[in-house]
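By convention here, the first residue in the shown sequence is residue 1. Every heavy atom of this structure was used, including side-chain atoms; hydrogens, water molecules and symmetry mates were not.
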Amino acid sequence: EGWCISHANVSVLFDRCDGFAKAFNDTNGVTFMDVINVPADNETYYQEIVEAALGDGNWTGVGALAAGEVQIAPMVNIVNDHPELLSGAFDVDSTLFKALEDGDLLFGINQHSYLQGYWPVVLLTWKAYTSQEIVNNLIETGPKFVVTPPSDAAQTCFDSYFETCEAPADTNNPPQDEASGGDESGAGDETGADQVGDDSSGGNASPGLFLTVIGASVMLLQLQ
């Protein structure tokens with residue numbers, strides 16, 4: 001069975017829980033139970049609500065998605081108390097990276113909101129002043145599916161908001177020979193996780209919904 005945990009009544013969290021529910025509903029042998037509404041600023045109350053919803057006893061076969069960064073620390077606390085629970089989270093921070101390393105969480109989903117917002121301004125400014133465009137027509141900002149913690153250098157890069165970063169070797173994307181006039185922008189991620197770009201969902205589908213389906217799929221492989 002699967003549960004989605006939401007800490008606010010906002011559309012992005014609705015999309016994340018909808019994607020999680022869709023993955024469970026489209027898979028035989030598992031059931032999406034419900035959305036659990038929790039506070040964003042009270043870890044003790046958070047755990048009490050989740051434990052009350054999931055019930056007493058063994059939680060084997062139960063999966064829960066923490067729908068945002070403020071839930072990562074309290075979710076790790078719950079997993080430590082109920083190690084049979086399978087869980088992942090949206091967004092990333094140092095707590096999530098340690099939880100991935102320790103095996104407490106299955107995955108995180110890195111939105112890279114700074115890069116998604118910052119790089120378009122830089123590139124448009126460059127074009128306005130120089131009438132030049134970069135060679136790559138697509139620079140990948142994410143969101144990205146994260147299943148392993150980044151290197152220390154990458155973590156330093158994230159923590160400094162990308163003020164100084166070494167360029168990673170990208171073996172998945174060979175250099176392009178010709179310049180292209182695209183206008184999509186962003187920057188790469190050094191997590192080493194499989195990348196899912198914003199346009200991968202197709203049409204008008206929400207990236208949050210699409211990536212939550214992927215996250216749920218990882219969890220479903222463990223549940224089945």
Side-chain angles (χ1 to χ4, degrees), residues 1-40 43 45-79 81-93 96 99-100 104-113 142-147 193-224:
E1 64 184 48
W3 300 79
C4 186
I5 305 175
S6 175
H7 58 273
N9 291 320
V10 294
S11 61
V12 64
L13 298 190
F14 297 154
D15 285 342
R16 292 172 179 181
C17 285
D18 285 348
F20 193 65
K22 174 176 171 54
F24 271 76
N25 292 333
D26 290 348
T27 303
N28 294 328
V30 295
T31 303
F32 178 75
M33 302 300 291
D34 204 352
V35 175
I36 303 173
N37 293 303
V38 295
E43 292 190 10
Y45 193 29
Y46 177 105
Q47 182 158 348
E48 291 176 356
I49 292 173
V50 173
E51 289 179 334
L54 271 60
D56 298 328
N58 192 291
W59 289 3
T60 299
V62 178
L65 174 71
E69 183 178 352
V70 298
Q71 297 189 46
I72 294 173
M75 178 54 72
V76 171
N77 291 336
I78 291 176
V79 172
D81 290 342
H82 304 271
E84 64 274 17
L85 176 67
L86 300 174
S87 185
F90 257 91
D91 303 325
V92 296
D93 61 11
L96 181 129
L100 293 177
D104 293 331
L105 297 181
L106 295 176
F107 62 86
I109 298 174
N110 193 349
Q111 296 285 59
H112 268 318
S113 55
K144 287 195 173 185
F145 195 56
V146 182
V147 294
D194 293 338
Q195 200 274 328
V196 181
D198 291 72
D199 293 334
S200 300
S201 56
N204 295 320
S206 162
L209 186 151
F210 181 72
L211 285 181
T212 315
V213 171
I214 298 175
S217 298
V218 172
M219 191 175 294
L220 287 167
L221 290 174
Q222 302 289 325
L223 289 173
Q224 292 181 309

To the nearest 0.5 Å, atom CG of Leu65 lies from atom CD1 of Ile36 at 11.0 Å
Sorted by chain and number, sequence neighbours left out, salt bridge (charged side-chain N to carboxylate O under 4.0 Å, His left out) with Asp26 holds for Lys22
(message) Could you tell me if the side chain of Tyr46 sits less than 4.5 Å from the side chain of Ile78, heavy atoms only?
(response) yes
Looking only at heavy atoms, the pair that brings Phe32 and Gly2 closest together is CD1-O, 3.5 Å
In short, Leu96 meets Phe107 closest at the heavy-atom pair CD1-O, 4.0 Å
So CG of Asn110 and CD of Glu69: to nearest 0.5 Å the spacing works out to 9.5 Å
Does some side-chain heavy atom of Asp81 sit less than 4.5 Å from a side-chain heavy atom of Gln47? yes
Closest non-hydrogen contact found for Val62 with Trp3 is CG1-CD1, 3.9 Å
Here the gap from Cys4 atom SG to Leu13 atom CG, rounded to the nearest 0.5 Å, amounts to 8.0 Å
Problem set entry | Heavy atoms of other groups near Asp56 CG, more than 12 under 6.0 Å | no
Report task. State, with a plain yes or no, whether a side-chain heavy atom of Phe90 is found less than 4.5 Å away from one of Pro143. Result -> no
Heavy-atom closest pair (Ile49 atom, Pro39 atom, distance to 0.1 Å) is CD1-CD, 3.6 Å
>> Using side-chain heavy atoms (C-beta onward) and a distance below 4.5 Å, is Ile72 in contact with Met75?
In response: no
Could you check whether any side-chain heavy atom of Trp59 comes within less than 4.5 Å of a side-chain heavy atom of Glu1, counting everything from C-beta outward? no
So the side-chain hydrogen bond (donor to acceptor under 3.5 Å, both in side chains) pairs with at least one residue in residues 4-14 (sequence neighbours excluded) are His7-Gln71
Scanning both residues in full, the closest heavy-atom pair of Leu100 with Val147 reads CD1-C, 4.0 Å
Scanning both residues in full, the closest heavy-atom pair of Asp91 with Gly68 reads OD2-CA, 3.7 Å
- prompt: So, Thr60 side chain and Glu84 main chain: donor-acceptor pair closer than 3.5 Å or not?
  reply: no
